[in-house]
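No experiment lies behind these values; they were computed from the predicted model shown.
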Amino acid sequence: MVVFPNAKINIGLHITEKRADGFHNLESCFYPVGWSDVLEVIPAHEFSFSSSGIDIPGDPAKNLCVKAYELLKNDFALPPLAMHLLKIVPIGAGMGGGSADAAFTLTLLNQVYNLQLPTETLENYARKLGSDCAFFIQNKPVYCYEKGDQFADISLSLKGKYIVLVYPNLHISTAEAYAGVRPQAPSVNLLEALQRPLSEWRHCVQNDFERGLFLKYPILPELKNFMYEQGAEYASMTGSGSTIYGIFEKEVNFQNILPHYTVWQGELTS
């Protein structure tokens, strides 16, 4: 069986406080986009995991897809299978690609083996794998808070808008990104700001990671400004970087304009 774990963007991101457990509390809007990996599982005599496409650093046995399988296998008699991941979504790009792979593994196994796990239970399993993994269980626009793993419904639809995502081939670790922020209460209510017209977001919907990372990596503000020059209604860095996205009223084509970077573009469907 084949599934397509998709990426997400952050629309607004505020780091509000440092937690006692070493994590940070934040608030953001998570929004799914169509840039996707490809995950396939087939029956096998023994478990195996392989990948192709973008090289995934680290021990394959510790890949989040493997961890998701092992997490469910602890509680259910899952048979062995062969799992292959075609990695397409860039790593360290602020789009939750690895988290999506893990969450889609959970939902795929739940379906293939008829585990009949409800959404809430799948989300709780996903939270054990990473802070934003749980988002990809329902995979719909949400307001998120605490570690980014608690959700509330949000009345927001960008369906029919066109999005361009540009990954400048720059890997930014989460630790590096957090080193440049100072947690504080947001000056703007994010939920209220997102109810304003899209054209006003550039003045009130901010990503706190931009301040430090834009100083360190000038290509990031250059790309953001470029989005606006090309007619974007709103542009931002997503997550802890380094992908910059622009939301447009109509279809645009950046593939030939930015040949040295990794570009994905498509229509928003949520």
Side-chain angles (χ1 to χ4, degrees), residues 4-13 28-38 54 87-101 103-104 132 135-136 138-144 148 154-170 172 190 193-207 209-210 213-214 219-270:
F4 302 88
N6 61 274
K8 59 85 181 162
I9 58 170
N10 293 78
I11 306 177
L13 177 55
S28 184
C29 171
F30 285 177
Y31 206 98
V33 296
W35 201 348
S36 303
D37 293 335
V38 183
I54 296 173
K87 190 63 184 165
I88 299 172
V89 177
I91 299 169
M95 295 184 289
S99 297
D101 296 335
F104 272 69
D132 57 357
F135 161 75
F136 292 100
Q138 296 194 62
N139 207 22
K140 66 177 185 179
V142 292
Y143 170 78
C144 69
I154 186 171
S155 177
L156 176 64
S157 175
L158 298 173
K159 187 174 182 179
K161 299 288 186 181
Y162 201 80
I163 187 168
V164 177
L165 299 108
V166 178
Y167 173 64
N169 305 320
L170 172 66
I172 296 177
L190 180 60
L194 291 174
Q195 297 307 308
R196 299 182 187 180
L198 181 59
S199 59
E200 295 182 13
W201 286 6
R202 64 188 298 176
H203 305 297
C204 59
V205 180
Q206 305 295 329
N207 180 336
F209 286 115
E210 288 186 356
L213 293 177
F214 277 21
I219 184 57
L220 301 179
E222 289 175 11
L223 284 172
K224 182 175 179 179
N225 291 334
F226 178 77
M227 292 287 186
Y228 282 123
E229 290 170 0
Q230 296 300 312
E233 294 186 84
Y234 176 70
S236 176
M237 184 176 73
T238 182
S240 54
S242 62
T243 300
I244 302 291
Y245 68 87
I247 300 174
F248 296 80
E249 182 67 31
K250 298 179 181 179
E251 182 175 352
V252 293
N253 190 344
F254 279 27
Q255 296 286 358
N256 297 325
I257 301 177
L258 300 170
H260 302 298
Y261 300 135
T262 306
V263 178
W264 187 92
Q265 51 199 44
E267 187 175 333
L268 292 168
T269 58
S270 299

Notebook entry, point to check: Please walk me through it: do Phe248 and Gln230 pass side chain to side chain contact (heavy atoms under 4.5 Å, CB included)?
Noted result: CA-CA 9 Å; Phe248 296 80; Gln230 296 300 312; 4.2 Å; yes
Notebook entry, point to check: Do Met237 and Leu213 come within less than 4.5 Å of each other through their side chains, counting heavy atoms only?
Noted result: yes
Margin query: How close do Tyr167 and Gly92 get, counting heavy atoms only, and between which atoms?
Written below: CE1-O, 4.4 Å
Checklist line | Approximate separation, where rounding is to 0.5 Å, of Tyr245 OH and Ser236 OG | finding: 4.0 Å
Note to self: Looking at Ser36 and Gly34, would you say the former's side chain and the latter's main chain have a donor-acceptor pair under 3.5 Å?
What the structure shows: yes
Note to self: Are Ile88 and Ile54 packed together at the side-chain level, in the sense that at least one heavy-atom pair is separated by less than 4.5 angstrom?
What the structure shows: no
Checklist line | Nearest heavy-atom neighbours spanning Gly97 and Lys87 | finding: C-NZ, 3.5 Å
Note to self: Going by salt bridge (charged side-chain N to carboxylate O under 4.0 Å, His left out), name the pairs with one or both residues in residues 230-255, residues two or more places apart or in two chains.
What the structure shows: Lys161-Glu233, Lys161-Glu249
Next item on the list: For residues Pro141 and Pro32, determine if any side-chain heavy atom of one lies less than 4.5 Å from a side-chain heavy atom of the other.
Entry: yes
Checklist line | Full working for side-chain hydrogen bond (donor to acceptor under 3.5 Å, both in side chains) between Lys8 and Asn6 | finding: CA-CA 7 Å; Lys8 59 85 181 162; Asn6 61 274; over 6 Å; no
Next item on the list: Of all the heavy-atom pairs spanning Asn10 and Ser28, show the shortest one and how long it is.
Entry: ND2-OG, 2.9 Å
Notebook entry, point to check: Do Cys29 and Tyr143 come close enough that some side-chain heavy atom pair is under 4.5 Å?
Noted result: no
Notebook entry, point to check: Is the shortest heavy-atom distance from the side chain of Asn207 to the side chain of Thr238 under 4.5 Å?
Noted result: no
Margin query: So, using ring-ring contact (aromatic ring centres under 6.0 Å, His included) as the criterion, who are the partners of Tyr162 when residues are at least two apart?
Written below: none
Notebook entry, point to check: How many angstroms lie between atom CG of Leu220 and atom CD of Glu222, to the nearest 0.5 angstrom?
Noted result: 9.0 Å
Margin query: With a 4.5 Å cut-off on side-chain heavy atoms, are Val205 and Glu200 touching?
Written below: no
Notebook entry, point to check: Would Phe226 and Phe254 count as a ring pair (Phe, Tyr, Trp, His ring centres under 6.0 Å) if you check the C-alpha gap in whole Å, the side-chain angles of each, and the deciding distance to 0.1 Å?
Noted result: CA-CA 11 Å; Phe226 178 77; Phe254 279 27; 5.5 Å; yes
Check: So how far is it from Leu190 CG to Gln195 CD, rounded to the nearest 0.5 Å?
Finding: 10.0 Å
Margin query: Between Ser242 (side chain only) and Ile172 (backbone N and O only), is there a donor and an acceptor less than 3.5 Å apart?
Written below: no
Checklist line | Member of Ile9, Asp132, Asn139, Ile154 meeting the side chain to side chain contact (heavy atoms under 4.5 Å, CB included) criterion with Phe30 | finding: Asp132
Check: For Glu210 and Leu13, what are the C-alpha separation, side-chain angles and deciding distance, and is it a side chain to side chain contact (heavy atoms under 4.5 Å, CB included)?
Finding: CA-CA 10 Å; Glu210 288 186 356; Leu13 177 55; over 6 Å; no
Note to self: Nearest 0.5 Å, please: how far is OG1 in Thr243 from CG in Leu165?
What the structure shows: 6.5 Å
Notebook entry, point to check: Which heavy atom in Phe209 sits nearest to a heavy atom in Ser240, and how many Å separate them?
Noted result: CD1-CA, 3.7 Å
Check: Side-chain contact, heavy-atom cut-off 4.5 Å: Leu158 with Ile247?
Finding: yes
Margin query: Working note: Cys144 + Phe135, criterion side chain to side chain contact (heavy atoms under 4.5 Å, CB included); need CA distance, chi angles, decisive distance, verdict.
Written below: CA-CA 9 Å; Cys144 69; Phe135 161 75; over 6 Å; no
Next item on the list: May I ask you to test the Pro90-Trp35 pair for a side-chain heavy-atom distance under 4.5 Å?
Entry: yes
Check: If you round to the nearest 0.5 Å, how far is CD1 of Ile219 from CD1 of Ile244?
Finding: 9.0 Å
Next item on the list: Any pair with a residue in residues 258-270 that passes side chain to side chain donor-acceptor pair (under 3.5 Å), sequence neighbours left out, goes on the list, sorted by first then second residue, please.
Entry: Asn169-Thr262, Asn253-Gln265
Margin query: Any side-chain to backbone donor/acceptor pair from Gln206 onto Trp201? Under 3.5 Å, distance only.
Written below: no
Check: Which distance, rounded to the nearest 0.5 Å, do you find between the CG of Leu268 and the CD1 of Ile163?
Finding: 5.0 Å
